Amino acid sequence: MRTQVAIIGAGPAGLLLGQLLHKAGVDNVILERKYRDYVLSRIRAGVLEQGTVDLLTKAGVGARLCAEGLSHEGFALGFANRRLRIDLKGLTGGKIVTVYGQTEVTRDLMDARAAVGLTTIYEADDVTLHDFDGVNPRVSWRKDGASRELACDFIAGCDGFHGVSRTSIPAGAIEMFERVYPFGWLGVLADVPPCSHELIYAGHDRGFALCSMRSAIRSRYYIQCPLDANPATWSDQMFWDELRRRLDPEAASHVVTGPSIEKSIAPLRSFVAEPLRFGKLFLAGDAAHIVPPTGAKGLNLAASDVHYLSEALIEHYGEKSDAGIDGYSAKALDRIWKSERFSWAMTSMLHRFDRQNSFERRMQEAEFLYLEGSIAARTGLAENYVGLPF
Ligand code: RFL
Ligand code: PHB
C-alpha cells in the first residue's frame with residue numbers, strides 16, 4: 001500500500017486533517033488503534049471557537065453543526081457565591097462560541113470520510129513508524145493476525161497524548177514541558193435541562209465546578225475531585241449534592257437532577273512538546289500538547305494545528321514549496337503557548353489547590369475582583385476564550 005500522507009489516529013485532529021487534504025486532492029490513509037464506536041463513545045469537549053467552526057465548514061462538515069450547534073454569546077464566572085457574566089460578543093466585537101459535542105464533530109467527520117470512500121483502518125495494532133527521518137517513511141501495523149505496511153511521503157502523528165508518534169522520536173530530538181495538576185475533574189452527562197442557558201465556571205472553597213451542556217435537554221457537569229477518586233464510588237446523588245454546594249444559590253436552585261448516562265474522571269495536565277516536526281513526521285493535536293480543560297482549548301488547538309499542517313502539505317504538493325512545512329512547527333507553537341497560558345491561568349484562578357495558603361486564596365479572589373471591575377481585564381479573557389486568530 002502507498003499513500004501521500006499516513007495519518008495516525010482517528011480523533012478530531014486526524015479526521016479533520018484527512019478531510020482537508022482530501023478536499024485539496026492529497027491522498028491519505030488513517031490508522032486507528034481502537035474500533036469506530038469506541039472512538040465515538042468518548043465524551044470530551046463541548047465548546048468550539050469560530051475558527052474551528054469555519055474550518056469544519058471548509059472541510060465540508062458544517063451542515064449539522066450549523067443546524068444543531070448552540071450559539072453562546074457569553075458565559076459566567078462564579079466565585080464565593082457571586083457570578084460575573086463575560087459578554088463574549090460585546091467584548092470582542094461580535095465573536096461568539098458554539099456548543100457542539102466533540103462526539104458529534106467526530107461522527108460528522110467519520111461520515112464524510114466514509115461517504116467519499118477514504119480508507120480508515122480501525123483496530124490497527126502495534127502501529128510502528130519507520131524511517132521518518134530518512135527518505136522512505138513507512139508505517140506498519142497488525143490487523144487480524146496479519147502484518148501490513150504503508151509507504152508514504154509524510155506521517156501525521158494525530159494519535160493523542162498516549163499515542164506512538166511522539167514516543168517514536170529519539171529523546172534527544174524533542175523537548176518536553178509539563179505541569180501535572182494535583183486533582184482531576186469528575187464529569188457527568190445527564191438528560192436534564194441545563195441549570196443556566198450559558199456555561200458557568202465556578203471557583204469555590206470546596207473546589208471548582210463547571211455547568212455545561214450538549215443541548216436544551218442534555219447537561220454536562222464537572223466537579224474538581226482528587227486524582228484517585230473512583231467514579232464508581234460517586235453515586236449520582238453525591239455528585240448532584242456536591243455540585244449544588246459549589247454553585248451560587250440561584251444556579252444551585254436551577255440544577256435539575258436525573259440519572260447519569262456517563263460518569264468519568266479526567267486528570268488535568270499542561271504539556272508541550274517541541275518541535276512538532278522530526279524529518280517527515282509531524283505532530284498535531286493532543287499528541288503534541290495538552291491543556292487542562294478549564295479554557296475549552298484542547299480540541300480548538302487541534303483544529304488550528306491541523307489548519308497550519310494541511311496548508312503546509314497542500315503547498316508542498318501544489319506549489320512544490322516547502323516553506324509551509326518548514327514553518328509549521330514555529331507557527332503552531334506560537335498559538336499553542338498562548339493557549340497554554342490561558343488554560344493555566346483559568347485553572348489557577350478557579351481551582352482549590354492542596355496546601356494552598358490564605359495568601360494564595362486571596363490572590364484568586366483578587367483576580368476575580370479585578371475582572372469584575374475592569375472591562376480591559378474582561379476583554380483579555382473574552383479574546384482568549386473566543387479563540388486567538390489563526
Ligand atoms: P484524541 O481525541 O485523543 O485522538 C487520538 C486518536 O488516536 C488514537 N491512537 C492511536 N491510533 C493508532 N495507533 C496508536 N498507537 C494510537 N494511540 C492512540 C486514539 O485511539 C484516538 O482515537 O486526540 P486529538 O485528535 O488530538 O483531539 C484532541 C481532543 O480530543 C482534546 O484536545 C479535547 O477533547 C480536549 N478537551 C476540550 N477541548 C476543547 O477544545 N473544548 C472543550 O470544551 C474541551 N473539554 C476536553 C474537554 C478534554 C477532556 N478530557 C476527557 C481530557 C473536557 C474533557 C473532560
Ligand atoms: C464540556 O461541555 O464538556 C466542556 C465545556 C467547557 C470546558 C470544558 C468542557 O471548558
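Quantities reported herein were computed from a predicted structural model and do not represent experimental measurements. Just so you know, these numbers use all the heavy atoms, side chains as well, and skip hydrogens, waters and symmetry mates.
Atom CD1 of I375 has 12 or fewer neighbouring heavy atoms from other residues, nucleotides or ligands inside a 6.0 Å radius. The 12-atom threshold is exceeded at NZ of K280, counting heavy atoms of other residues, nucleotides or ligands nearer than 6.0 Å. Atom CH2 of W344 is surrounded by 12 or fewer heavy atoms from other residues, nucleotides or ligands within 6.0 Å. Heavy atoms from other residues, nucleotides or ligands lying under 6.0 Å from CZ of R362 number 12 at most. Counting heavy atoms of neighbouring residues, nucleotides and ligands inside a 6.0 Å radius, atom CD1 of I217 does not exceed 12 of them. Heavy atoms from other residues, nucleotides or ligands lying under 6.0 Å from NZ of K89 number 12 at most. At most 12 non-hydrogen atoms from other residues, nucleotides or ligands lie less than 6.0 angstrom from CZ of R179.
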> Does the salt bridge (charged side-chain N to carboxylate O under 4.0 Å, His left out) test come out yes or no for D248 and R82, once each step is laid out?
Replying inline: CA-CA 6 Å; D248 64 82; R82 302 235 291 278; over 6 Å; no
> What do the steps show when you test L301 against R335 for side-chain contact (heavy atoms from CB on, under 4.5 Å), and what is the final call?
Replying inline: CA-CA 8 Å; L301 265 187; R335 192 171 190 277; 3.8 Å; yes
>> I'd like to know whether E340 forms a salt bridge (charged side-chain N to carboxylate O under 4.0 Å, His left out) with K297, so could you lay out the CA-CA distance, the side-chain angles of the two residues, the decisive distance to 0.1 Å, and finally the verdict.
In response: CA-CA 8 Å; E340 290 284 347; K297 289 286 158 259; over 6 Å; no
>> Using the rule given for side-chain contact (heavy atoms from CB on, under 4.5 Å), can you reason through W185 versus F208, listing the C-alpha separation, both sets of side-chain angles and the distance that settles it, and then say yes or no?
In response: CA-CA 9 Å; W185 282 13; F208 170 77; 3.2 Å; yes
> Passes side-chain contact (heavy atoms from CB on, under 4.5 Å), L309 versus L276? Steps please.
Replying inline: CA-CA 10 Å; L309 183 55; L276 303 183; over 6 Å; no
>> Between E262 and R220, is the side-chain contact (heavy atoms from CB on, under 4.5 Å) condition met? List the steps.
In response: CA-CA 9 Å; E262 196 261 2; R220 180 70 165 159; 2.9 Å; yes
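In this structure, R246 contributes its side chain and R206 its backbone to a donor-acceptor pair below 3.5 Å. One N or O on the side chain of Q4 and one on the backbone of D27 form a donor-acceptor pair closer than 3.5 Å. Looking only at distances, no side-chain donor or acceptor of R341 sits under 3.5 Å from a matching main-chain atom of S343. Of the possible polar contacts, none joining the T3 side chain to the A6 backbone as a donor-acceptor pair under 3.5 Å is found. Panel note: side chain D159, backbone I8; no donor-acceptor pair is recorded below 3.5 Å. Although no hydrogens or angles enter the test, the distance criterion places a donor-acceptor pair under 3.5 Å between the side chain of N300 and the main chain of V47. Side-chain atoms of S260 do not come within 3.5 Å of backbone N or O of K263 as any donor-acceptor pair. Side chain of Q224 to main chain of G207: no donor-acceptor pair is present (N/O by atom type, distance under 3.5 Å, no hydrogens or angles). The main-chain N or O of L16 is never found under 3.5 Å from a side-chain atom of Q19 such that the two would form a donor-acceptor pair. Looking at S219, its side chain does come within 3.5 Å of a backbone N or O of V192 through a donor-acceptor pair.
Annotation: the span from R107 atom CZ to L40 atom CG amounts to 5.0 Å, rounded to 0.5 Å. If you take SG on C211 and CD on E198, they are separated by 12.0 Å, rounding to the nearest 0.5 Å. The structure places NE2 of H204 at 10.0 Å from CZ of F79, a figure rounded to the nearest 0.5 Å. Annotation: the span from R378 atom CZ to L88 atom CG amounts to 12.0 Å, rounded to 0.5 Å. Note that CZ of R166 is 11.5 Å distant from CG of L281, once rounded to the nearest 0.5 Å. For the atom pair OG of S215 and CD of E68, the computed distance is 9.5 Å after rounding to the nearest 0.5 Å.
At a threshold of 4.5 Å between side-chain heavy atoms, the hydrophobic network of Ile, Leu, Val, Met, Phe, Trp and Tyr places F161 and L283 in one connected group. Placement of V272 and F282 within a single hydrophobic cluster is found when ILVMFWY residues are connected by side-chain heavy-atom separations under 4.5 Å, directly or transitively. One hydrophobic cluster holds both V99 and F75 under the rule that ILVMFWY side chains link at heavy-atom gaps under 4.5 Å.
Contact of the L381 side chain with the L77 side chain is registered, since non-hydrogen atoms from C-beta on lie closer than 4.5 Å. No side-chain heavy atom of T257 sits less than 4.5 Å from a side-chain heavy atom of Q237. A 4.5 Å side-chain heavy-atom check between R138 and I155 finds every atom pair outside the cut-off. Residues L65 and L48 are in side-chain contact: their nearest non-hydrogen atoms beyond the backbone lie under 4.5 Å apart. Taking 4.5 Å as the limit, some side-chain heavy atom of F278 sits within range of a side-chain heavy atom of P170. Side-chain contact between D205 and R352 is present, with at least one heavy-atom pair separated by less than 4.5 Å. Taking 4.5 Å as the limit, every side-chain heavy atom of P137 sits out of range of all side-chain heavy atoms of D153. At a threshold of 4.5 Å between non-hydrogen side-chain atoms, the residues R113 and N28 count as touching.
Shortest non-hydrogen contact noted between V291 and G298 is CG2-N, 3.5 Å. Scanning both residues, A10 and L15, for their nearest heavy atoms gives O-CD1, 3.2 Å. Counting all heavy atoms, side chain and backbone alike, W234 lies closest to A229 at NE1-CB, 4.1 Å. The two atoms that bring I86 and A382 nearest to each other are CG2-CB, 4.1 Å, heavy atoms only. Shown here for P275 and L333, the closest heavy-atom pair between the two residues is CA-CD1, 4.4 Å. Shortest non-hydrogen contact noted between G258 and D236 is O-OD2, 4.2 Å.
Two rings, from Y181 and H351, have their centers 6.0 Å or more apart. Separation of the F183 and F353 ring centroids falls under the 6.0 Å cut-off.
Side-chain contact annotation: D334 with Y308, donor-acceptor N/O pair under 3.5 Å absent. Side-chain contact check for H289 and D305: at least one donor-acceptor pair (N or O, by modelled atom type) lies under 3.5 Å.
Of the candidates I43, D108, L189, T103 forms a side-chain contact (heavy atoms from CB on, under 4.5 Å) with just one, namely I43. Exactly one residue among R148, K143, R142 makes a salt bridge (Lys or Arg N to Asp or Glu O under 4.0 Å) with D126. That residue is R142.
Relative ring orientation between W337 and F177 is described as perpendicular, the plane-to-plane angle rising above 60° on a 0-90° scale split at 30° and 60°.
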